Colleague: 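Handing you a structure now.
Note that this is a predicted model, so its numbers are computed, not measured. The sequence lines fix the lettering, A, B, ..., with proteins before strands; numbering per chain opens at 1.
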Amino acid sequence: MTARPATVEEVGRHVGASVELRGWLYNRRKAGKLQFLIIRDGTGFLQAVASEADLPPEVFELCRSLGQESSILARGVVRADPRSPGGYELSLTGLEALQAAEEYPISLKEHGADFLLDHRHLWLRTPRQHAIIRVRAEVIAACRDFLDGQGFLLVDTPILTPAACEGTTTLFETGYFDTTAYLAQSGQLYNEAAAMAFGRVYCFGPTFRAEKSRTRRHLMEFWMVEPEAAYLDFEGNLTLQEAMIVHIVERVLAKRRAELERLERDTAPLEGVRPPFPRVSYDEALRLLEPVEPLAWGEDFGAPHEVAVAGHFDRPVFVHRFPAKVKAFYMKPDPERPDVVLGADLLAPEGYGEIIGGGERLADHETLRRRIREHGLPEEAFRWYLDLRRYGSVPHSGFGLGIERVVAWLCGLEHIREAIPFPRLLNRIYP
RNA sequence: UGCGGAGUAGCUCAACGGUAGAGCAGCCGGCUGUUAACCGGAAGGCUUUGAGGGUUCGAGUCCCUCCUCCGCAGCCA
């Protein structure tokens with residue numbers, strides 16, 4: 001009988017057939033003349049049963065001696081068997097080892113965060129990490145499909161930039177031949193240029209922040225989707241964000257339910273993520289906070305404030321019209337109340353905090369110049385940006401969605417470090 | 001940077017100021033349906049508990065300095 005290559009994912013289509021799996025030995029349990037090998041091939045995990053009675057002695061011995069994560073070619077007959085986790089198993093007829101792994105460091109027992117992060121390159125092989133990374137891929141695909149479907153054009157923005165978007169204190173500096181460059185902390189300013197060229201655009205890529213923050217929601221390097229649209233006003237921007245979040249959640253629920261189950265994520269709160277999302281002004285938020293986390297007008301939200309406000313709602317909530325002085329220079333002041341800006345943060349429920357920040361941009365040339373000066377930013381560096389207000393300036397809005405925070409929320413993660421394949425944390429850049 | 005917690009076997013953790021231990025992994029053996037399998041055995045700490053100093057008859061344990069990690073806060077997505 002010839003063995004056809006197959007993947008664990010599609011093994012159910014090969015019941016009764018002889019197949020070859022190309023993968024790794026995830027675990028083995030021994031029971032005398034039987035051995036249960038858990039084989040993973042990247043698409044899933046499958047139990048293979050090695051029976052001493054049905055195998056040449058040297059193959060049975062090979063099964064016995066191979067270490068965890070040895071690379072193997074496993075041949076056998078696919079059977080449906082309720083005793084097997086997953087419902088299918090492979091009756092082993094042959095096994096070949098490409099490389100026999102010894103003393104694999106990550107056992108199936110518990111490990112600490114530091115140890116696992118040091119072995120992130122191997123940690124990624126576990127079922128839990130598979131589930132998270134698959135959800136992440138789905139979130140990214142959902143963002144792009146949604147925006148493509150809404151007429152947004154992908155326009156990439158640079159990672160090496162000459163100056164700060166929001167000041168230089170949180171920028172990673174790097175050499176650029178004879179001068180200095182900074183790693184982008186946002187594609188927004190370039191996005192605005194692209195929006196004036198193409199109307200509706202978005203960028204998607206890694207962003208870098210040299211903030212010395214060590215919390216469960218911060219990465220030094222994280223991925224952000226940033227749509228920007230000409231002729232989009234503040235309200236339209238909120239509606240767009242709402243539709244996009246609903247799209248992402250629905251798609252993950254539809255296509256990655258098995259992964260959420262593996263993560264033991266209670267999906268009930270996610271099922272309730274439907275429009276409209278509540279909208280709370282900064283002033284209203286202060287009133288909500290009064291009894292629990294009082295905040296003086298003019299102060300920016302801290303993490304406890306975000307959690308307290310979001311705790312009032314069963315779905316994401318917009319907090320809008322923050323005091324102008326705590327927000328970035330490019331935000332448009334509310335024409336009816338110039339001490340607040342037409343910006344909004346979207347706070348995820350269940351304590352996950354801000355997942356989107358955005359708003360309507362300042363379109364007036366002179367006001368923008370003044371704000372740049374007021375923020376102590378070098379006007380020269382923003383000459384090209386100011387040009388956008390000199391040559392056909394229009395009302396426009398946009399936002400940035402943090403991929404890892406959305407993934408952490410949807411997966412119910414305790415820490416954002418699991419939401420990205422190789423997290424860059426404060427004092428950690430290995431592996 | 002501030003506050004709090006923790007560094008003991010490869011991993012996860014015990015040990016009142018009084019002889020450093022267990023589970024898991026690895027190794028040897030047993031078991032034909034295991035589900036992080038289980039059972040038995042030997043070994044594993046270079047006089048050794050992150051590093052250095054101090055108190056004490058005696059320090060993993062108490063004190064000081066430093067290092068590393070974790071949590072929280074600030075900042076933000």
Colleague: When all nucleic acid strands are considered with a 4.0 Å heavy-atom cut-off, which category describes A/Gly112: base, sugar-phosphate, or nothing?
Modeller: sugar-phosphate

Colleague: To the nearest angstrom, how far is A/Glu226 atom CD from B/C76 atom P?
Modeller: 15 Å

Colleague: Just to be sure I understand the rule, does A/Glu110 reach a base, reach only the sugar-phosphate, or reach nothing, if contact means heavy atoms closer than 4.0 Å?
Modeller: base

Colleague: Starting the side chain at C-beta, find the nucleotide from B/G33, B/C76, B/U32 nearest to A/His218.
Modeller: B/C76

Colleague: Counting only Watson-Crick pairs (N1-N3 plus N6-O4 or O6-N4) and G-U wobbles (N1-O2, O6-N3), all under 3.5 Å, who is the partner of B/U55?
Modeller: none

Colleague: Taking only side-chain nitrogens and oxygens of A/Arg216, does any of them come within less than 4.0 Å of OP1 or OP2 of B/C72?
Modeller: yes

Colleague: Check whether the aromatic ring of A/Tyr104 stacks on the base of B/A25, taking stacking as ring centres less than 5.5 Å apart and planes within 30° of each other.
Modeller: no

Colleague: Under 4.0 Å between any heavy atoms, over every strand shown, what does A/Arg128 touch: base, sugar-phosphate, or nothing? Just pick one.
Modeller: nothing

Colleague: Counting the benzene-type ring for Trp, do A/Tyr88 and A/His14 have ring centres under 6.0 Å apart?
Modeller: no

Colleague: Describe the nucleic acid contact of A/Tyr352 in one word from base, sugar-phosphate, nothing, applying a heavy-atom distance below 4.0 Å.
Modeller: nothing

Colleague: Partner of B/G2 by Watson-Crick or G-U wobble geometry, both contacts under 3.5 Å, or none?
Modeller: B/C72

Colleague: In whole Å, I'd like the distance from the CZ atom of A/Phe322 to the P atom of B/C75.
Modeller: 11 Å

Colleague: Return the pairing partner of B/G26 with a 3.5 Å limit on both distances, Watson-Crick or G-U wobble; otherwise return none.
Modeller: none

Colleague: I'd like to know if A/Glu89 reaches the base of B/G33 with its side chain such that a donor and an acceptor end up less than 3.5 angstrom apart.
Modeller: yes

Colleague: Heavy atoms only, 4.0 Å cut-off, all strands: where does A/Phe115 land among base, sugar-phosphate and nothing?
Modeller: sugar-phosphate

Colleague: Classify A/Asp81 by what it touches in the nucleic acid, base, sugar-phosphate, or nothing, heavy-atom distance under 4.0 Å.
Modeller: base

Colleague: Check whether any side-chain heavy atom of A/Leu21 lies under 4.5 Å from a side-chain heavy atom of A/Leu73, and answer yes or no.
Modeller: no

Colleague: Nearest to the A/Asn427 side chain among B/C69, B/A77, B/C75, which nucleotide is it?
Modeller: B/C69

Colleague: Round to a whole Å and report the spacing from CE of A/Met220 to P of B/C76.
Modeller: 14 Å

Colleague: If you check every side-chain atom of A/Pro304, which of B/U32, B/A77, B/G74 has the closest atom?
Modeller: B/G74

Colleague: Base, sugar-phosphate, or nothing: which does A/Thr207 touch, judged by heavy atoms less than 4.0 Å apart?
Modeller: nothing

Colleague: So what does A/Leu401 touch, heavy atoms closer than 4.0 Å: a base, only the sugar-phosphate, or nothing?
Modeller: nothing

Colleague: Is any side-chain N or O of A/Arg417 under 3.5 Å from a base N or O of B/C70, one able to act as donor and the other as acceptor?
Modeller: no

Colleague: Give one of base, sugar-phosphate or nothing for A/Ala113, where a contact means two heavy atoms less than 4.0 Å apart.
Modeller: nothing

Colleague: If only atom types and distance count, is the side chain of A/Tyr282 paired as donor or acceptor with the main-chain N or O of A/Gly298 below 3.5 Å?
Modeller: yes

Colleague: Side chain of A/Ser213, heavy atoms from C-beta onward: which of B/G74, B/C76, B/C70 has the nearest atom to it?
Modeller: B/G74

Colleague: Over all strands shown, is A/Glu414 touching base, sugar-phosphate only, or nothing at heavy-atom distances under 4.0 angstrom?
Modeller: nothing

Colleague: Under 4.0 Å, heavy atoms only, any strand: does A/His415 hit a base, just the sugar-phosphate, or nothing?
Modeller: sugar-phosphate

Colleague: Have a look at A/Glu306 and say if it touches a base, only the backbone sugar-phosphate, or nothing, with a 4.0 Å heavy-atom cut-off.
Modeller: base

Colleague: Scan A/Gln47 against the nucleic acid and name what it touches under 4.0 Å (heavy atoms): base, sugar-phosphate only, or nothing.
Modeller: base

Colleague: How would you label the contact of A/His111 with the nucleic acid (heavy atoms, under 4.0 Å): base, sugar-phosphate, or nothing?
Modeller: sugar-phosphate

Colleague: Quick check: A/Phe152 with A/Phe198 (ring centres under 6.0 Å apart)?
Modeller: no

Colleague: May I ask you to decide whether A/Glu235 forms a salt bridge with A/Arg279, counting only side-chain N to carboxylate O separations under 4.0 Å?
Modeller: yes

Colleague: Could you check whether any side-chain N or O of A/Arg405 sits under 3.5 Å from a backbone N or O of A/Glu354, counting only pairs where one atom can act as donor and the other as acceptor?
Modeller: yes

Colleague: Quick one: does any side-chain atom of A/His121 pair with a main-chain N or O of A/Pro431 as donor and acceptor, under 3.5 Å?
Modeller: no

Colleague: What is the distance, rounded to the nearest whole Å, between atom CD of A/Glu404 and atom C1' of B/C76?
Modeller: 13 Å

